[in-house]
There are 2 protein chains.
Amino acid sequence: MAEQAQFEELARQLSAVGAVKRDLARILPHDCPAGSAAVLTLLGRYGSMRMSKLAELLAVDMSVTSRHVAHVAERGWIERSPDPADKRSRILHLTPAGEATLQDLSRRSTELLTERLGDWSDEEVDQLIRLMTRLRASFGDCRTVHPRLSGSAPAEPVPGNPKATVTVASAARAPTIAPVLEQTTRTPA
Amino acid sequence: MAEQAQFEELARQLSAVGAVKRDLARILPHDCPAGSAAVLTLLGRYGSMRMSKLAELLAVDMSVTSRHVAHVAERGWIERSPDPADKRSRILHLTPAGEATLQDLSRRSTELLTERLGDWSDEEVDQLIRLMTRLRASFGDCRTVHPRLSGSAPAEPVPGNPKATVTVASAARAPTIAPVLEQTTRTPA
DNA sequence: TATTGTTATACTCTATAACTATA
DNA sequence: TATAGTTATAGAGTATAACAATA
(Lines give C-alpha, C1' and ligand atoms only; values in the text may rest on other atoms or scores of the structure.)
Protein backbone atom coordinates (compact mmCIF):
# COMPACT_ATOMS: atom_id res chain seq x y z
CA MET A 1 0.00 0.00 0.00
CA ALA A 2 1.36 3.35 -1.05
CA GLU A 3 1.63 6.41 1.17
CA GLN A 4 -0.04 9.77 1.09
CA ALA A 5 2.98 11.56 -0.34
CA GLN A 6 3.00 9.16 -3.27
CA PHE A 7 -0.66 9.72 -3.95
CA GLU A 8 -0.18 13.45 -3.95
CA GLU A 9 2.68 13.12 -6.36
CA LEU A 10 0.61 10.88 -8.59
CA ALA A 11 -2.23 13.39 -8.57
CA ARG A 12 0.28 16.04 -9.56
CA GLN A 13 1.59 13.94 -12.44
CA LEU A 14 -1.91 13.30 -13.67
CA SER A 15 -2.60 16.99 -13.61
CA ALA A 16 0.61 17.78 -15.46
CA VAL A 17 0.28 15.15 -18.16
CA GLY A 18 -2.20 17.48 -19.82
CA ALA A 19 0.75 19.30 -21.38
CA VAL A 20 1.77 16.11 -23.16
CA LYS A 21 -1.75 15.58 -24.41
CA ARG A 22 -1.92 19.10 -25.74
CA ASP A 23 1.39 18.61 -27.48
CA LEU A 24 -0.01 15.53 -29.13
CA ALA A 25 -3.19 17.39 -30.06
CA ARG A 26 -1.29 20.22 -31.71
CA ILE A 27 -0.10 18.02 -34.54
CA LEU A 28 -3.61 17.03 -35.61
CA PRO A 29 -5.12 18.29 -38.87
CA HIS A 30 -7.13 21.46 -38.42
CA ASP A 31 -10.48 19.86 -39.11
CA CYS A 32 -9.78 16.92 -36.84
CA PRO A 33 -9.78 17.86 -33.15
CA ALA A 34 -8.80 15.36 -30.51
CA GLY A 35 -12.35 14.13 -30.00
CA SER A 36 -12.69 13.24 -33.66
CA ALA A 37 -9.32 11.56 -33.67
CA ALA A 38 -10.37 9.42 -30.74
CA VAL A 39 -13.51 8.30 -32.53
CA LEU A 40 -11.59 7.32 -35.65
CA THR A 41 -8.91 5.55 -33.63
CA LEU A 42 -11.40 3.45 -31.70
CA LEU A 43 -13.41 2.53 -34.76
CA GLY A 44 -10.23 1.57 -36.55
CA ARG A 45 -9.06 -0.51 -33.66
CA TYR A 46 -12.22 -2.23 -32.52
CA GLY A 47 -14.26 -2.12 -35.70
CA SER A 48 -17.85 -1.07 -36.25
CA MET A 49 -19.95 -0.52 -33.16
CA ARG A 50 -22.94 1.28 -31.74
CA MET A 51 -22.90 4.73 -30.19
CA SER A 52 -23.25 3.34 -26.71
CA LYS A 53 -20.22 1.09 -27.16
CA LEU A 54 -18.19 3.97 -28.46
CA ALA A 55 -19.22 6.15 -25.53
CA GLU A 56 -18.08 3.36 -23.25
CA LEU A 57 -14.70 3.19 -24.96
CA LEU A 58 -14.29 6.95 -25.02
CA ALA A 59 -15.23 7.05 -21.34
CA VAL A 60 -17.39 10.10 -21.86
CA ASP A 61 -21.10 10.76 -21.79
CA MET A 62 -23.21 9.64 -24.70
CA SER A 63 -24.08 13.26 -25.50
CA VAL A 64 -20.40 14.05 -25.93
CA THR A 65 -19.96 11.00 -28.10
CA SER A 66 -22.88 12.10 -30.22
CA ARG A 67 -21.22 15.42 -30.93
CA HIS A 68 -17.87 13.90 -31.81
CA VAL A 69 -19.55 11.37 -34.05
CA ALA A 70 -21.58 14.05 -35.79
CA HIS A 71 -18.39 15.94 -36.51
CA VAL A 72 -16.60 13.04 -38.15
CA ALA A 73 -19.77 12.01 -39.99
CA GLU A 74 -20.10 15.51 -41.45
CA ARG A 75 -16.64 15.11 -42.89
CA GLY A 76 -17.51 11.78 -44.42
CA TRP A 77 -15.09 9.83 -42.29
CA ILE A 78 -17.71 7.52 -40.86
CA GLU A 79 -21.20 6.42 -41.73
CA ARG A 80 -24.10 5.65 -39.46
CA SER A 81 -26.14 2.75 -40.74
CA PRO A 82 -29.38 1.65 -39.13
CA ASP A 83 -29.14 -1.32 -36.81
CA PRO A 84 -31.51 -3.99 -38.12
CA ALA A 85 -31.79 -5.48 -34.66
CA ASP A 86 -32.77 -2.23 -32.93
CA LYS A 87 -34.22 0.68 -34.83
CA ARG A 88 -33.14 3.10 -32.14
CA SER A 89 -29.49 2.26 -32.72
CA ARG A 90 -27.04 3.16 -35.38
CA ILE A 91 -23.97 1.20 -36.35
CA LEU A 92 -20.89 3.32 -36.89
CA HIS A 93 -18.27 2.31 -39.39
CA LEU A 94 -15.29 3.96 -41.03
CA THR A 95 -15.51 5.01 -44.65
CA PRO A 96 -12.50 4.74 -46.96
CA ALA A 97 -11.95 8.45 -46.40
CA GLY A 98 -12.02 7.78 -42.68
CA GLU A 99 -9.45 5.04 -43.04
CA ALA A 100 -7.23 7.43 -44.94
CA THR A 101 -7.59 10.11 -42.29
CA LEU A 102 -6.84 7.55 -39.64
CA GLN A 103 -3.66 6.57 -41.39
CA ASP A 104 -2.66 10.19 -41.51
CA LEU A 105 -3.34 10.56 -37.79
CA SER A 106 -1.35 7.47 -37.03
CA ARG A 107 1.56 8.72 -39.09
CA ARG A 108 1.57 12.06 -37.33
CA SER A 109 1.40 10.75 -33.80
CA THR A 110 3.95 8.04 -34.49
CA GLU A 111 6.29 10.62 -35.94
CA LEU A 112 5.99 12.83 -32.89
CA LEU A 113 6.34 10.00 -30.41
CA THR A 114 9.29 8.54 -32.26
CA GLU A 115 10.96 11.91 -31.92
CA ARG A 116 10.07 12.52 -28.32
CA LEU A 117 10.56 9.00 -27.02
CA GLY A 118 13.50 8.08 -29.17
CA ASP A 119 15.57 7.19 -26.14
CA TRP A 120 12.92 5.06 -24.48
CA SER A 121 13.33 1.33 -24.57
CA ASP A 122 10.65 -1.00 -25.76
CA GLU A 123 10.15 -2.22 -22.21
CA GLU A 124 9.81 1.21 -20.73
CA VAL A 125 7.06 2.22 -23.15
CA ASP A 126 5.36 -1.07 -22.51
CA GLN A 127 5.53 -0.63 -18.80
CA LEU A 128 4.03 2.83 -18.96
CA ILE A 129 1.22 1.48 -21.11
CA ARG A 130 0.57 -1.32 -18.65
CA LEU A 131 0.55 0.95 -15.63
CA MET A 132 -1.74 3.47 -17.27
CA THR A 133 -4.08 0.71 -18.32
CA ARG A 134 -4.15 -0.58 -14.81
CA LEU A 135 -4.68 2.90 -13.46
CA ARG A 136 -7.79 3.29 -15.57
CA ALA A 137 -9.00 -0.12 -14.52
CA SER A 138 -8.44 0.72 -10.86
CA PHE A 139 -10.58 3.80 -11.27
CA GLY A 140 -13.59 1.63 -11.70
CA ASP A 141 -13.43 2.21 -15.38
CA CYS A 142 -16.24 -0.07 -16.32
CA ARG A 143 -15.68 1.25 -19.81
CA THR A 144 -12.33 -0.55 -19.94
CA VAL A 145 -12.66 -3.00 -22.75
CA HIS A 146 -11.74 -6.64 -22.81
CA PRO A 147 -12.59 -7.60 -26.38
CA ARG A 148 -11.84 -11.29 -25.94
CA LEU A 149 -12.04 -12.20 -22.31
CA SER A 150 -13.40 -10.34 -19.37
CA GLY A 151 -10.49 -11.29 -17.16
CA SER A 152 -8.16 -8.94 -15.36
CA ALA A 153 -5.85 -8.53 -18.32
CA PRO A 154 -5.27 -5.02 -19.62
CA ALA A 155 -7.37 -3.87 -22.54
CA GLU A 156 -5.87 -4.84 -25.86
CA PRO A 157 -7.20 -4.55 -29.35
CA VAL A 158 -8.51 -7.74 -30.85
CA PRO A 159 -5.29 -9.22 -32.16
CA GLY A 160 -6.30 -11.32 -35.12
CA ASN A 161 -9.71 -9.91 -35.88
CA PRO A 162 -9.56 -6.18 -35.44
CA LYS A 163 -12.70 -5.61 -37.44
CA ALA A 164 -15.00 -7.78 -35.42
CA THR A 165 -17.83 -5.89 -33.80
CA VAL A 166 -16.98 -5.53 -30.15
CA THR A 167 -18.93 -6.92 -27.32
CA VAL A 168 -17.81 -5.18 -24.22
CA ALA A 169 -17.73 -7.21 -21.08
CA SER A 170 -18.23 -4.92 -18.14
CA ALA A 171 -15.48 -5.26 -15.63
CA ALA A 172 -17.08 -6.42 -12.45
CA ARG A 173 -15.96 -3.95 -9.87
CA ALA A 174 -17.66 -2.87 -6.71
CA PRO A 175 -17.16 0.83 -6.19
CA THR A 176 -16.84 1.74 -2.55
CA ILE A 177 -16.20 5.45 -2.25
CA ALA A 178 -18.47 6.32 -5.11
CA PRO A 179 -21.37 3.95 -4.80
CA VAL A 180 -23.23 5.80 -7.52
CA LEU A 181 -20.44 5.22 -10.02
CA GLU A 182 -22.14 5.21 -13.34
CA GLN A 183 -22.50 1.79 -14.77
CA THR A 184 -23.63 3.36 -18.01
CA THR A 185 -22.23 6.26 -19.97
CA ARG A 186 -25.53 7.95 -19.71
CA THR A 187 -26.62 11.00 -17.80
CA PRO A 188 -29.65 10.11 -15.67
CA ALA A 189 -32.43 12.01 -17.40
CA MET B 1 13.43 1.88 -29.50
CA ALA B 2 9.73 1.16 -29.37
CA GLU B 3 7.55 0.29 -32.32
CA GLN B 4 4.70 2.08 -33.97
CA ALA B 5 2.04 -0.13 -32.42
CA GLN B 6 3.33 0.75 -28.98
CA PHE B 7 3.25 4.44 -29.73
CA GLU B 8 -0.30 4.20 -30.91
CA GLU B 9 -1.28 2.37 -27.77
CA LEU B 10 0.47 4.97 -25.67
CA ALA B 11 -1.37 7.75 -27.48
CA ARG B 12 -4.59 5.90 -26.78
CA GLN B 13 -3.79 5.58 -23.08
CA LEU B 14 -2.97 9.25 -22.86
CA SER B 15 -6.27 10.06 -24.45
CA ALA B 16 -8.16 7.77 -22.11
CA VAL B 17 -6.52 8.90 -18.91
CA GLY B 18 -8.78 11.94 -19.05
CA ALA B 19 -11.47 9.85 -17.40
CA VAL B 20 -9.24 9.37 -14.38
CA LYS B 21 -8.50 13.07 -14.21
CA ARG B 22 -12.19 13.90 -14.35
CA ASP B 23 -12.85 11.40 -11.58
CA LEU B 24 -10.25 13.14 -9.48
CA ALA B 25 -11.71 16.54 -10.34
CA ARG B 26 -15.21 15.51 -9.28
CA ILE B 27 -14.25 15.30 -5.63
CA LEU B 28 -13.04 18.91 -5.46
CA PRO B 29 -14.98 21.54 -3.52
CA HIS B 30 -17.45 23.42 -5.66
CA ASP B 31 -15.59 26.71 -5.57
CA CYS B 32 -12.25 25.10 -6.31
CA PRO B 33 -11.95 23.83 -9.87
CA ALA B 34 -8.95 21.83 -10.99
CA GLY B 35 -7.04 24.89 -12.14
CA SER B 36 -7.30 26.46 -8.72
CA ALA B 37 -6.33 23.24 -7.03
CA ALA B 38 -3.22 23.04 -9.17
CA VAL B 39 -2.21 26.56 -8.21
CA LEU B 40 -2.60 25.83 -4.52
CA THR B 41 -0.78 22.52 -4.80
CA LEU B 42 2.21 24.03 -6.54
CA LEU B 43 2.45 26.96 -4.17
CA GLY B 44 2.23 24.58 -1.25
CA ARG B 45 4.88 22.35 -2.65
CA TYR B 46 7.38 24.78 -4.06
CA GLY B 47 6.65 27.84 -1.98
CA SER B 48 6.13 31.44 -3.01
CA MET B 49 6.95 32.29 -6.59
CA ARG B 50 6.24 34.66 -9.43
CA MET B 51 3.50 34.26 -12.00
CA SER B 52 5.96 33.24 -14.69
CA LYS B 53 7.38 30.47 -12.51
CA LEU B 54 3.93 29.21 -11.74
CA ALA B 55 3.00 29.21 -15.43
CA GLU B 56 6.12 27.17 -16.05
CA LEU B 57 5.14 24.64 -13.41
CA LEU B 58 1.55 24.48 -14.58
CA ALA B 59 2.78 24.04 -18.14
CA VAL B 60 0.15 26.39 -19.46
CA ASP B 61 0.20 29.84 -20.96
CA MET B 62 0.69 32.80 -18.71
CA SER B 63 -2.76 34.11 -19.58
CA VAL B 64 -4.29 30.90 -18.28
CA THR B 65 -2.20 31.11 -15.15
CA SER B 66 -3.39 34.65 -14.62
CA ARG B 67 -7.00 33.53 -14.64
CA HIS B 68 -6.43 30.65 -12.25
CA VAL B 69 -4.48 32.88 -9.92
CA ALA B 70 -7.17 35.55 -10.00
CA HIS B 71 -9.71 32.93 -9.01
CA VAL B 72 -7.83 31.72 -5.97
CA ALA B 73 -6.90 35.28 -5.00
CA GLU B 74 -10.56 36.30 -5.05
CA ARG B 75 -11.24 33.58 -2.54
CA GLY B 76 -8.45 34.76 -0.29
CA TRP B 77 -6.40 31.61 -0.68
CA ILE B 78 -3.34 33.41 -1.97
CA GLU B 79 -1.97 36.93 -1.92
CA ARG B 80 -0.04 38.76 -4.56
CA SER B 81 2.63 40.97 -3.05
CA PRO B 82 4.70 43.32 -5.13
CA ASP B 83 8.16 42.11 -6.04
CA PRO B 84 10.66 44.65 -4.70
CA ALA B 85 13.18 43.56 -7.32
CA ASP B 86 10.85 44.04 -10.30
CA LYS B 87 7.80 46.23 -10.12
CA ARG B 88 6.18 44.38 -13.00
CA SER B 89 6.14 41.16 -11.01
CA ARG B 90 4.05 39.88 -8.21
CA ILE B 91 5.05 37.28 -5.68
CA LEU B 92 2.37 34.72 -4.96
CA HIS B 93 2.05 33.13 -1.58
CA LEU B 94 -0.50 31.04 0.22
CA THR B 95 -2.58 32.61 2.96
CA PRO B 96 -3.58 30.62 6.06
CA ALA B 97 -6.96 30.11 4.42
CA GLY B 98 -5.14 28.79 1.35
CA GLU B 99 -3.16 26.37 3.47
CA ALA B 100 -6.37 25.12 5.01
CA THR B 101 -7.97 24.65 1.63
CA LEU B 102 -4.90 22.87 0.42
CA GLN B 103 -5.08 20.48 3.33
CA ASP B 104 -8.68 19.78 2.47
CA LEU B 105 -7.74 19.09 -1.15
CA SER B 106 -4.97 16.80 -0.08
CA ARG B 107 -7.27 14.90 2.21
CA ARG B 108 -9.85 14.44 -0.50
CA SER B 109 -7.48 13.24 -3.21
CA THR B 110 -5.64 10.97 -0.84
CA GLU B 111 -8.90 9.44 0.26
CA LEU B 112 -9.97 8.74 -3.30
CA LEU B 113 -6.61 7.38 -4.37
CA THR B 114 -6.36 5.22 -1.27
CA GLU B 115 -9.69 3.73 -2.24
CA ARG B 116 -8.96 3.30 -5.91
CA LEU B 117 -5.35 2.18 -5.64
CA GLY B 118 -5.70 0.16 -2.50
CA ASP B 119 -4.28 -2.90 -4.19
CA TRP B 120 -1.29 -1.16 -5.72
CA SER B 121 2.08 -1.69 -4.17
CA ASP B 122 4.35 1.10 -3.15
CA GLU B 123 6.69 0.22 -5.97
CA GLU B 124 4.02 0.21 -8.61
CA VAL B 125 2.81 3.66 -7.74
CA ASP B 126 6.38 4.85 -7.65
CA GLN B 127 7.10 3.37 -11.03
CA LEU B 128 4.09 5.02 -12.59
CA ILE B 129 5.16 8.35 -11.12
CA ARG B 130 8.65 7.91 -12.49
CA LEU B 131 7.49 6.97 -15.95
CA MET B 132 5.02 9.83 -16.14
CA THR B 133 7.67 12.25 -14.97
CA ARG B 134 10.02 10.98 -17.61
CA LEU B 135 7.28 11.19 -20.21
CA ARG B 136 6.80 14.85 -19.47
CA ALA B 137 10.52 15.42 -19.57
CA SER B 138 10.80 13.66 -22.89
CA PHE B 139 8.19 15.95 -24.31
CA GLY B 140 10.59 18.80 -24.09
CA ASP B 141 8.88 19.95 -21.01
CA CYS B 142 11.25 22.72 -20.18
CA ARG B 143 8.80 23.49 -17.42
CA THR B 144 9.75 20.27 -15.65
CA VAL B 145 11.20 21.40 -12.40
CA HIS B 146 14.37 20.24 -10.78
CA PRO B 147 14.43 22.29 -7.59
CA ARG B 148 17.86 21.12 -6.51
CA LEU B 149 19.76 19.83 -9.47
CA SER B 150 19.05 20.01 -13.15
CA GLY B 151 20.04 16.43 -13.74
CA SER B 152 17.93 13.67 -15.20
CA ALA B 153 16.29 12.78 -11.92
CA PRO B 154 12.53 13.05 -11.74
CA ALA B 155 11.09 16.25 -10.41
CA GLU B 156 10.65 16.18 -6.67
CA PRO B 157 9.64 18.82 -4.24
CA VAL B 158 12.45 20.36 -2.29
CA PRO B 159 12.81 17.78 0.47
CA GLY B 160 14.10 19.75 3.42
CA ASN B 161 13.09 23.24 2.45
CA PRO B 162 9.73 23.13 0.76
CA LYS B 163 9.13 26.81 1.29
CA ALA B 164 12.19 28.11 -0.47
CA THR B 165 11.40 30.23 -3.50
CA VAL B 166 12.06 28.08 -6.52
CA THR B 167 14.60 28.74 -9.15
CA VAL B 168 13.73 26.59 -12.10
CA ALA B 169 16.61 25.18 -14.02
CA SER B 170 15.52 24.82 -17.60
CA ALA B 171 16.09 21.35 -18.90
CA ALA B 172 18.48 21.69 -21.77
CA ARG B 173 16.78 19.94 -24.60
CA ALA B 174 17.08 20.53 -28.29
CA PRO B 175 13.71 20.11 -29.96
CA THR B 176 13.96 18.59 -33.38
CA ILE B 177 10.49 18.02 -34.74
CA ALA B 178 9.13 21.18 -33.25
CA PRO B 179 11.93 23.71 -33.61
CA VAL B 180 9.64 26.46 -32.43
CA LEU B 181 8.97 24.74 -29.14
CA GLU B 182 8.25 27.49 -26.72
CA GLN B 183 11.05 28.10 -24.35
CA THR B 184 8.75 30.41 -22.45
CA THR B 185 5.17 30.00 -21.32
CA ARG B 186 4.30 33.09 -23.23
CA THR B 187 2.26 33.54 -26.35
CA PRO B 188 4.32 35.51 -28.86
CA ALA B 189 2.51 38.81 -28.96
C1' DT C 1 12.87 47.47 -27.28
C1' DA C 2 11.83 43.58 -24.44
C1' DT C 3 9.46 41.54 -20.56
C1' DT C 4 5.68 40.81 -16.88
C1' DG C 5 1.27 40.38 -16.21
C1' DT C 6 -3.82 41.28 -17.42
C1' DT C 7 -7.85 41.07 -20.21
C1' DA C 8 -10.91 39.98 -24.27
C1' DT C 9 -12.15 36.58 -27.43
C1' DA C 10 -12.72 32.14 -29.41
C1' DC C 11 -12.44 27.18 -29.45
C1' DT C 12 -12.59 22.41 -27.50
C1' DC C 13 -14.20 19.24 -24.27
C1' DT C 14 -17.37 17.95 -20.90
C1' DA C 15 -21.77 17.07 -18.19
C1' DT C 16 -26.75 17.95 -17.29
C1' DA C 17 -31.25 17.99 -18.82
C1' DA C 18 -34.98 17.75 -22.00
C1' DC C 19 -36.57 15.64 -26.01
C1' DT C 20 -37.72 11.80 -29.88
C1' DA C 21 -38.24 7.45 -31.35
C1' DT C 22 -38.23 2.78 -30.37
C1' DA C 23 -38.14 -1.44 -27.21
C1' DT D 1 -41.56 2.24 -18.51
C1' DA D 2 -37.06 1.98 -20.00
C1' DT D 3 -33.42 2.60 -23.42
C1' DA D 4 -30.68 4.69 -27.72
C1' DG D 5 -29.54 8.63 -29.47
C1' DT D 6 -29.88 13.88 -30.32
C1' DT D 7 -29.73 18.62 -29.10
C1' DA D 8 -29.46 22.88 -26.14
C1' DT D 9 -27.16 24.97 -22.58
C1' DA D 10 -23.65 25.93 -19.30
C1' DG D 11 -19.08 25.46 -17.25
C1' DA D 12 -14.08 24.61 -17.25
C1' DG D 13 -9.65 24.79 -19.62
C1' DT D 14 -6.85 26.48 -23.04
C1' DA D 15 -4.45 29.51 -26.64
C1' DT D 16 -4.06 33.83 -29.28
C1' DA D 17 -3.75 38.57 -29.45
C1' DA D 18 -3.80 43.19 -27.80
C1' DC D 19 -2.79 45.98 -24.00
C1' DA D 20 -0.46 48.55 -19.77
C1' DA D 21 3.34 49.07 -16.86
C1' DT D 22 8.04 48.49 -16.08
C1' DA D 23 12.90 47.01 -17.22
Can you tell me if B/Thr101 uses its side chain to pair, donor with acceptor, with the backbone of B/Ala97 under 3.5 Å? yes
A/Lys21 NZ to C/dC13 C1', straight-line distance once rounded to whole Å: 10 Å
With heavy atoms under 4.0 Å as the rule, sort A/Ser66 into base, sugar-phosphate or nothing. base
Considering residues at least two apart in sequence or located in another chain, which fulfil the side-chain contact (heavy atoms from CB on, under 4.5 Å) criterion with A/Glu79? A/His93, A/Thr95
For residues B/Arg116 and B/Asp23, determine if any side-chain heavy atom of one lies less than 4.5 Å from a side-chain heavy atom of the other. yes
Below the 4.0 Å mark, does C/dG5 have OP1 or OP2 next to a side-chain nitrogen or oxygen of B/Arg80? no
Whole Å only: how far is the CE atom of B/Met51 from the P atom of C/dT3? 17 Å
Output the rounded distance in Å from CE (B/Met49) to C1' (C/dG5). 16 Å
Separation of atom NZ in A/Lys53 from atom C1' in D/dG5, rounded to whole Å: 15 Å
Sorted by chain and residue number, the side-chain contact (heavy atoms from CB on, under 4.5 Å) partners of A/Ser106 (sequence neighbours excluded) come out as A/Thr110, B/Gln4, B/Glu8
Any B/Ser52 side-chain N or O less than 4.0 Å from OP1/OP2 of C/dG5: yes
Please write out each protein N/O paired with an N/O of nucleotides 21-23 of chain D under 3.5 Å, distance rounded to 0.1 Å.
residue	atom	partner	partner atom	Å
D/dA23	OP1	B/Lys87	N	3.0

For residues 67-76 of chain B, which side-chain N or O atoms pair as donor and acceptor with protein atoms under 3.5 Å away, sequence neighbours left out?
residue	atom	partner	partner atom	Å
B/His71	ND1	B/Ser36	OG	2.8
B/His71	NE2	B/Arg75	NH1	3.3
B/His71	NE2	B/Arg75	NH2	3.4
B/Arg75	NE	B/Asp31	O	3.4
B/Arg75	NH1	B/His71	O	3.1

Pull out every protein N or O sitting under 3.5 Å from an N or O of nucleotides 11-14 of chain D, one pair per line with the distance.
residue	atom	partner	partner atom	Å
D/dG13	OP1	B/Ala34	N	3.0
D/dG13	OP1	B/Gly35	N	2.7
D/dT14	OP2	B/His68	NE2	2.9
D/dT14	O3'	A/Arg22	NE	3.4

B/Asp83 and salt bridge (Lys or Arg N to Asp or Glu O under 4.0 Å): which partner among B/Lys53, B/Arg50, B/Arg88? B/Arg50
A/Arg90 atom CZ is separated from C/dA21 atom P, nearest whole Å, by 13 Å
Length of the CG-P vector between A/Leu54 and D/dT6, whole Å: 11 Å
Distance check needed: D/dA20 P versus B/Met62 CE, whole Å only. 17 Å
Taking only residues two or more places apart in sequence or in another chain, which ones pass side-chain contact (heavy atoms from CB on, under 4.5 Å) with A/Arg107? A/Asp104, A/Glu111
Going by modelled atom types, is there a donor-acceptor pair between the base of D/dT16 and the side chain of B/Ser63 at under 3.5 Å? yes
Expressed as a whole number of angstroms, how long is the span from A/Asp31:CG to C/dT12:P? 11 Å
Would you sort out whether B/Val64 and B/Leu58 count as a side chain to side chain contact (heavy atoms under 4.5 Å, CB included), showing the intermediate values? CA-CA 9 Å; B/Val64 178; B/Leu58 288 170; over 6 Å; no
Under 4.0 Å between a side-chain nitrogen and a carboxylate oxygen: does that hold for B/Arg45 and A/Glu9? yes
Would you please confirm or rule out a distance under 4.0 Å between OP1 or OP2 of C/dT22 and any side-chain N or O of A/Ser89? no
